[in-house]
Amino acid sequence: QVQLVESGGGSVQAGGSLRLSCVASRIYKNKCMGWFRQAPGKEREAVATMTTGDNITYYADSVKGRFTISQDNAKNTVYLQLASVIPEDTAIYYCAANLRPYCWATVMDVAMYDYWGQGTQVTVSS
């Protein structure tokens with residue numbers, strides 16, 4: 001099992017940047033970690049995910065080139081760097097872990113993630 005705590009959310013103007021942090025009780029090797037978001041009235045969607053052994057990253061088309069996911073094993077922390085944000089990025093952002101075997105086969109599938117943080121709000125104003 002793993003406990004996840006997000007931080008770093010807040011209000012930012014369009015075009016600005018923000019860094020979200022997710023501190024995990026443990027980061028398992030060769031598993032999957034990711035950032036997801038949920039806007040009001042919308043389903044939760046994958047934003048950026050990664051496999052922890054080889055650090056391969058995956059991004060939703062809507063954030064590709066603007067967001068960057070990374071991890072710091074020494075700090076048991078996964079980051080999401082947001083850049084060039086737009087109002088459509090407004091949502092609650094969640095960190096999650098998928099500890100299932102062969103998680104990389106479903107790395108962007110929200111339903112495959114079993115461990116979630118409490119979320120952090122990001123609000124982008126125009």
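The structure displayed is predicted, hence computed values, not measured ones. Just so it is clear, the values below take in all heavy atoms, side chains as well, and ignore hydrogens, waters and symmetry mates. By convention here, the first residue in the shown sequence is residue 1.
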Return a table of donor-acceptor pairs under 3.5 angstrom between the side chains of residues 20-29 and protein atoms on other chains or two or more places apart.
residue : atom : partner : partner atom : Å
Ser25   : OG   : Gln3    : N            : 2.8
Ser25   : OG   : Gln3    : OE1          : 3.3
Tyr28   : OH   : Gln1    : O            : 3.2

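- Residues satisfying the salt bridge (charged side-chain N to carboxylate O under 4.0 Å, His left out) criterion with Asp114, sequence neighbours excluded, are Arg100.
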Show your working on side-chain contact (heavy atoms from CB on, under 4.5 Å) between Gln121 and Thr90 and close with a plain yes or no. CA-CA 8 Å; Gln121 175 72 46; Thr90 295; 4.0 Å; yes

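- Hydrophobic clustering, with ILVMFWY side chains joined whenever heavy atoms are under 4.5 angstrom apart, keeps Ile56 apart from Met50.
- Closest of all the heavy-atom pairs between Ser126 and Ala14 is CA-CB, 4.2 Å.
- One distance of note links OG1 of Thr51 with NZ of Lys31; it measures 11.5 Å at 0.5 Å rounding.
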Counting only pairs under 3.5 Å, give me each side-chain donor-acceptor contact of residues 64-71, with atom names and distances, residues two or more places apart or in other chains.
residue : atom : partner : partner atom : Å
Lys64   : NZ   : Asp61   : OD1          : 3.1
Arg66   : NH1  : Ser84   : O            : 3.0
Arg66   : NH1  : Asp89   : OD2          : 2.8
Arg66   : NH2  : Ser62   : O            : 2.9
Arg66   : NH2  : Asp89   : OD1          : 3.0
Arg66   : NH2  : Asp89   : OD2          : 3.4
Gln71   : NE2  : Asn73   : OD1          : 2.3

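- Under the 4.5 Å side-chain heavy-atom criterion for Ile, Leu, Val, Met, Phe, Trp and Tyr, Val107 and Trp35 are members of distinct hydrophobic clusters.
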Check against side-chain contact (heavy atoms from CB on, under 4.5 Å), Cys32 and Tyr113: CA-CA 8 Å; Cys32 298; Tyr113 284 75; 3.7 Å; yes

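- A chain of hydrophobic side-chain contacts below 4.5 Å, direct or via other Ile, Leu, Val, Met, Phe, Trp or Tyr residues, connects Met33 to Leu82.
- Contacts classified as salt bridge (Lys or Arg N to Asp or Glu O under 4.0 Å) and involving residues 11-21 (residues at least two apart or in different chains) are not found.
- Every pair passing salt bridge (Lys or Arg N to Asp or Glu O under 4.0 Å) that includes a residue from residues 44-54 is listed here, sequence neighbours excluded: Arg37-Glu45.
- For the pairing with Trp116, the side-chain contact (heavy atoms from CB on, under 4.5 Å) check across Val110, Val2, Leu4 returns one residue only, Val110.
- To the nearest 0.5 Å, atom CD1 of residue Ile92 and atom CD of residue Gln118 are 10.0 Å apart.
- Checked against side-chain contact (heavy atoms from CB on, under 4.5 Å), Glu88 has the following partners two or more places apart in sequence or in another chain: Ile86.
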Checking side-chain contact (heavy atoms from CB on, under 4.5 Å) for the pair Leu80/Val47: CA distance, chi angles, key distance, verdict? CA-CA 9 Å; Leu80 183 68; Val47 174; 4.3 Å; yes

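- No donor-acceptor distance shorter than 3.5 angstrom exists from the side chain of Thr120 to the backbone of Ser7, with no hydrogens or angles considered.
- Although no hydrogens or angles enter the test, the distance criterion places a donor-acceptor pair under 3.5 Å between the side chain of Glu6 and the main chain of Cys95.
- With hydrophobic clusters built from ILVMFWY side chains whose heavy atoms lie under 4.5 angstrom apart, Phe36 does not share a cluster with Leu18.
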